[in-house]
Amino acid sequence: MNSIAPELIAELKEKKEPDKGLPPLELKGALVMRFAPNPNGPPTIGSARGIVVNSEYTKKYHGKLIIRFDDTDPATKRPMLEAYDWYLDDCEWLGAKPDEVIIASDRIAKYYEVAEQLIKKGGAYVCFCEQEEFKALKDAKKACPHREEAAEKNLGFWKKMLSGEYEEQEAVLRIKTDITHKDPAIRDWVAFRIIRTPHPRPQVGDKYVAWPLLDFEGAVEDHLLGTTLIIRGKDLTDSETRQRYVYKYMGWTYPETMHWGRVQIHEFGKLSTSGLKKAIAEGTYTGWDDPRVPTIRALRRRGIRAEALRKFMIDLGLGETDISLSLDTLYAENRKLIDPIANRYFFVWNPVELEIEGAEPKVAKAPLHPAKKELREIPVGTKVLVCQSDVDILKEGERLRLKDLYNIEITGISPLRAKFIGTDMDLVKKEKARIIHWAPPDGLKVRVLSPDGEYTGIGERGIEKELDKVVQFERFGFVRIDSVSDVGVVAYFTHK
RNA sequence: GCUCCGAUAGUGUAGCACGGCCAAUCAUGUCAGACUCUCACUCUGACGACUGGGGUUCAAAUCCCCAUCGGAGCACCA
């Protein structure tokens, strides 16, 4: 076979190895995609999926990527002023710099225009029903009295809505769908409501009282922006059916859509943006980049590479099933990137002093990285620090190796004492003695902030030169050196 | 309750549009071993799945039906 038709073999192989990760797209024309967050908090790991998947497709198919801030709720999901920049910053970090940035609250007038046209076409009406009253009617597949009002009259009501003559809850603009639609979620949905709370953006402030809901704002924007493909969470699947009514009235073409299921991360559980906001305000977390928090900022601070996060997200694919995953895979991905470049250092947490008899002061030499020749030098006297967790399993008389230093025999547990017994590696090779790491008593104070708490101890000198770099604390894990000061070094735990 | 959607190893995923190349891919995980002056890395090996039941067919992970389980929407949130 190989000799008669090698190209067939190649073709078969190609079929067997389709695009790993994201499914290929069947495009009819140019690709325009958007990522549309509400900036009511910083981008989370969940946002990263949207950012990465959208950008991956637009990169692959030479499309256009738009980031659109859906910030049309000044009250319930109130936008956070800093978050706009955080999104742009994290997008850029993730290699997803958008071609265009749109802020919905700057474009309210455009939504008003469409609303007016819809009213004129008889596709929308101002409804004065109380919420429960309308729900009862809707559930019974019955129209409310306002539904049949003439377009002219509705136009008048609409103008009053805009000029602030109605209070909150008093009037809404509804899109006329099919009041008997088999799915109650579709029946005459709300497009605009009154909100008296000023918008946090000073450019907008109290300029408007009639605010569009997401389904309306998104419908208009996706048309205006020329979006050709929408990928979003499956919680928004019904939006498509609702929005299609607007598109039908206006004679627009609806974009293609794809949806993904909910993602839950084991390590973080069910943390909502509002829940996090509260926990931060209460001081449970130190901020939006606390290592225990599922934001992109936190991962960055911990030394996770954008490349690893991208691959992680792409490998998830686009399933509609809800998924529940562990960050282990992300860590494994990241480890592949940082292990070859991270320098190695000793860090002793919960240090215990160990006095060594018969040891001459010397300078220990250890490789900066196991694959490289460069050495780091650590001056040692007759005392070293070792981890409490190593001491816990130590027995008197045990012989062991202090890594890159020399061999000792334990002569006492408390206080901890040992005697120098040589430098020969045979102790490890023939006697299978344990090797533990250590630090000089006059080393650097180090604090490591990790998702499961804080570790404090002493690290060898040299760590202070690695500011902002990811290093490996041997037998501990990878950390990013976050700050270096007189009081010591602060590191953020990356992963094992 | 009404309306949609989904289900492949512990986890995530490929395969499903067009049934046979599938005793099912890849990654991660776990365990064992090799290497190593780290419990890291690397290498080797092992473990582990088509939700269940019917049907169609020579042939079903793939098509059809039912059941079960899971999720989403039914907001003047996004």
Side-chain angles (χ1 to χ4, degrees), chain A residues 12 15-21 23 36-40 70-73 75-79 127 129-131 134-135 138-139 141 168-174 181-187 189-195 210-211 213-215 217-218 232-239 241-242 259 261-263 266 273-274 311-312 314-333 335-336 338-340 342 344 346 366-367 369-371 389-390 401-407 423 425 427-429 433-437 472-478 495-496:
Chain A
L12 273 177
K15 253 192 162 172
K16 275 238 156 177
E17 289 292 323
D19 279 308
K20 278 274 150 56
N38 174 10
N40 63 338
D70 284 346
D71 60 345
T72 58
D73 176 9
T76 320
K77 290 202 172 163
R78 189 173 173 79
C127 175
C129 290
E130 278 191 26
Q131 223 165 314
F134 186 86
K135 185 178 170 22
K138 181 191 75 177
D139 287 345
K141 301 187 179 179
E168 288 188 12
Q169 310 287 322
E170 203 181 331
V172 293
L173 186 76
R174 288 188 186 276
H181 196 285
K182 60 178 179 171
D183 184 352
I186 307 305
R187 301 172 196 159
W189 50 277
V190 174
F192 283 86
R193 81 299 211 188
I194 308 284
I195 296 176
W211 285 93
L213 277 101
L214 175 74
D215 279 335
E217 177 264 331
R232 57 188 167 196
K234 72 171 182 186
D235 48 323
L236 262 21
T237 36
D238 284 342
S239 283
T241 319
R242 285 196 281 256
H259 297 95
R262 258 175 61 121
V263 182
H266 292 153
T273 302
S274 51
K311 181 158 195 311
F312 179 67
I314 288 167
D315 284 350
L316 291 186
L318 278 180
E320 278 201 43
T321 326
D322 295 321
I323 52 179
S324 168
L325 37 93
S326 144
L327 253 22
D328 281 346
T329 315
L330 172 66
Y331 295 157
E333 216 58 69
R335 194 178 293 117
K336 282 180 203 156
I338 60 175
D339 183 75
R344 270 54 171 174
F346 290 153
H369 187 281
S389 52
D390 282 326
R401 170 93 178 168
L402 292 175
K403 190 170 188 284
D404 301 307
L405 187 60
Y406 45 57
N407 306 327
T423 59
M425 273 310 284
L427 182 77
V428 171
K429 293 202 167 127
R434 289 199 296 140
I435 298 171
I436 65 169
H437 70 292
Q472 188 196 48
F473 286 164
E474 292 197 43
R475 304 211 302 144
F476 179 78
F478 293 92
H495 47 66
K496 265 285 188 193

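Computed over heavy atoms, backbone and side chain alike; hydrogens, waters and symmetry mates excluded.
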Between [N] and [M], how far is it from one [atom1] atom to the other, in whole Å?
N      : M      : atom1 : answer
G33(B) : C26(B) : P     : 25 Å
A27(B) : G71(B) : C1'   : 25 Å
A67(B) : G6(B)  : C1'   : 16 Å
A34(B) : A14(B) : C1'   : 31 Å
G10(B) : C50(B) : P     : 9 Å
A60(B) : C21(B) : P     : 10 Å
C65(B) : U56(B) : C1'   : 11 Å
U62(B) : A9(B)  : P     : 15 Å

Flag, side chain of [X] to backbone of [Y], donor-acceptor distance under 3.5 Å:
X         : Y         : answer
Arg401(A) : Val428(A) : no
Lys496(A) : Phe476(A) : yes
Arg344(A) : Ala342(A) : yes
His369(A) : Pro340(A) : yes

Counting any heavy atom closer than 4.0 Å, what does [X] reach on the DNA or RNA strands: base, sugar-phosphate only, or nothing?
X         : result
Arg335(A) : sugar-phosphate
Phe478(A) : sugar-phosphate
Glu320(A) : sugar-phosphate
Lys182(A) : sugar-phosphate
Lys496(A) : nothing
Ser324(A) : sugar-phosphate

How does each nucleotide of nucleotides 69-78 of chain B score, in 5' to 3' order, for protein heavy atoms under 4.0 Å: base (B), sugar-phosphate only (S), or none (-)? --SSBBSBBB
Quick one: list whatever passes salt bridge (charged side-chain N to carboxylate O under 4.0 Å, His left out) with [X], sequence neighbours left out.
X         : answer
Asp322(A) : Lys234(A)
Arg242(A) : Asp215(A)
Asp183(A) : none
Lys403(A) : Glu474(A)

Round to a whole Å and report the spacing from [atom1] of [X] to [atom2] of [N].
X         : N      : atom1 : atom2 : answer
Ile435(A) : C37(B) : CD1   : C1'   : 4 Å
Lys403(A) : C37(B) : NZ    : C1'   : 5 Å
Lys141(A) : G1(B)  : NZ    : P     : 16 Å
Leu325(A) : A27(B) : CG    : P     : 18 Å
Glu474(A) : C37(B) : CD    : C1'   : 9 Å
Phe346(A) : A40(B) : CZ    : P     : 16 Å
Leu318(A) : G15(B) : CG    : P     : 12 Å
Tyr331(A) : A27(B) : OH    : C1'   : 17 Å

Only pairs with both distances under 3.5 Å count, Watson-Crick or wobble alike; so what is the partner of [N] in this structure?
N      : value
C69(B) : G6(B)
G1(B)  : C74(B)
C18(B) : none
A32(B) : U44(B)
U38(B) : none
A23(B) : none
A49(B) : none
C63(B) : G55(B)

Using the closest heavy atom to pick a nucleotide of RNA chain B for each, name whichever of His181(A) or Phe473(A) lands nearer the 5' end.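 Nearer the 5' end of the strand: His181(A).
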Closest-nucleotide ordering on RNA chain B, the 5'-leading residue of Arg434(A) and Asp328(A): Asp328(A)
Taking O4'-C1'-N9-C4 for purines and O4'-C1'-N1-C2 for pyrimidines, is A49(B) syn (within 90° of 0) or anti? anti
Decide yes or no for Asp404(A) and Phe346(A): does some side-chain heavy atom of the first lie under 4.5 Å from some side-chain heavy atom of the second? yes
Side-chain heavy-atom pair Gln169(A), Ile194(A) within 4.5 angstrom cut-off: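 No, their side chains stay 4.5 Å or more apart.
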At less than 3.5 Å, do the side-chain atoms of Glu333(A) and the base atoms of U28(B) form a donor-acceptor pair? no
Taking all non-hydrogen atoms of both residues, which atom of Thr423(A) and which atom of Asn407(A) are closest, and how far apart? C-ND2, 3.7 Å
Residue pair Asn38(A) / Asp71(A): nearest heavy atoms and the distance that separates them: OD1-CA, 4.1 Å
Check this one for me: any side-chain N or O of Lys336(A) less than 4.0 Å away from OP1 or OP2 of U28(B)? yes
From the set U38(B), G12(B), C37(B), return the single nucleotide nearest to any side-chain atom of Pro370(A). U38(B)
Out of C39(B), G6(B), G12(B), which has the shortest distance to the side chain of Asp390(A)? C39(B)
Can you tell me if CD on Glu170(A) sees more than 12 non-hydrogen neighbours from other groups inside 6.0 Å? yes
Identify all pairs in which a protein N or O lies below 3.5 Å from an N or O of nucleotides 44-47 of chain B, and state each distance.
none

